[in-house]
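Let me begin by presenting the structure, written as structure tokens, before commenting on it.
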Amino acid sequence: MEVVVVRTPDQATSIVADAYTRLLTGKPDAVLGLATGSTPLRVYRELVRRHREEGLSFARAQAFNLDEYVGLPAGHPELYRTFIEREFTSHVDFGRDAVHGPDGLADDLEQAATDYERQIVDAGGIDLQILGIGADGHLAFNMPMSSLTSRTRLKTLTTKTREDNARFFDGDLDQVPKHCLTQGLGTIMESRHAVMLGFGKNKAQAVAECVEGPIAARWPASILQMHQHATVVVDEDAASQLRFSTYYMDTFAGKPDWQGI
Ligand code: PGA
């Protein structure tokens with residue numbers, strides 16, 4: 001696991017956007033894993049800017065969303081499918097049907113989960129998976145105590161996560177769905193490069209537990225310690241409880257510029 005500690009979220013954004021640029025330049029038909037939440041928004045905005053001003057193209061790429069609410073009506077603005085489209089994919093040049101998400105509206109949710117796993121495999125697997133981290137260490141909607149080898153499935157959201165997300169539902173907890181479909185931790189582990197971002201003091205404990213603590217279902221993102229190529233990019237606040245920050249900074253400073261993450 002590589003840990004990159006930067007001063008501000010903006011510095012993190014350019015490091016992560018550079019990884020997309022490098023990937024899409026070398027592999028224009030790359031498969032991207034997309035996350036919702038507030039953390040990746042800066043990266044999406046920067047990718048849109050690079051598309052408009054620097055010609056970064058997604059025309060041959062595909063994308064797979066990490067998770068989806070269950071129980072929201074079609075067209076609801078907080079459906080993750082809608083969120084990703086509004087915040088990112090509709091502003092760049094993805095082809096028709098190139099952006100996929102778990103079908104939280106399906107009658108048979110178990111089948112929808114199995115189908116989603118197969119779609120990812122059929123696309124060749126995810127090249128670059130962007131991830132946020134929950135204050136309780138959740139990854140996608142894999143809540144504490146999720147199986148570390150889980151696959152896409154139906155999950156119940158914790159009250160804490162529903163409270164955190166109520167800000168997107170007019171602050172009304174009753175409007176926040178209780179269930180979701182989410183890629184499992186085992187699914188995420190098969191991505192070729194996983195990039196987890198964490199910003200702000202309220203992520204500091206989760207970042208420290210998941211990066212430097214033991215691998216445990218209590219802190220789902222800790223499974224990334226076993227990932228073949230995981231990069232954790234955190235600002236100073238989110239890094240404030242890490243014990244080896246100086247070492248991480250020395251390591252990253254010693255890398256040649258062209259290498260990036
Ligand atoms: P946030 O959510 O980016 O809105 O902080 C992260 C998450 O819950 O995975």
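Whatever order the structure lists them in is the order used to number ligands and atoms, beginning at 1.
The shortest heavy-atom distance from Met196 to ligand 1 is not under 4.0 Å.
Among all protein heavy atoms, the one lying closest to atom 3 (O) of ligand 1 is Thr39 OG1, 2.5 Å. Lys203 NZ, 2.6 Å is the protein heavy atom nearest to atom 5 (O) of ligand 1. Looking only at protein heavy atoms, the nearest one to atom 7 (C) of ligand 1 is His138 NE2, 3.4 Å. Atom 6 (C) of ligand 1 has as its closest protein heavy atom Ile133 O, 3.7 Å.
Counting only distance, with no hydrogens or angles, the side chain of Glu68 and the backbone of Arg81 share a donor-acceptor pair below 3.5 Å. Looking at Glu212, its side chain does come within 3.5 Å of a backbone N or O of Phe244 through a donor-acceptor pair.
The cationic atom of Arg151 (NZ for Lys, CZ for Arg) does not lie both less than 6.0 Å from the six-membered ring centre of Tyr116 and within 45° of the ring axis.
Looking at Leu131 and Leu66, their side chains come closer than 4.5 Å, going by heavy atoms from C-beta outward. For the pair Leu157 and Met143, the minimum side-chain heavy-atom distance is below 4.5 Å.
Heavy-atom contacts of Arg167 reach the following atoms of ligand 1: 4 (O) (cutoff under 4.0 Å). Using a 4.0 Å cut-off to heavy atoms of Gly37, the atoms of ligand 1 that qualify are 3 (O), 4 (O).
Annotation: salt bridge (Lys or Arg N to Asp or Glu O under 4.0 Å) contacts of Arg7 (sequence neighbours excluded): none.
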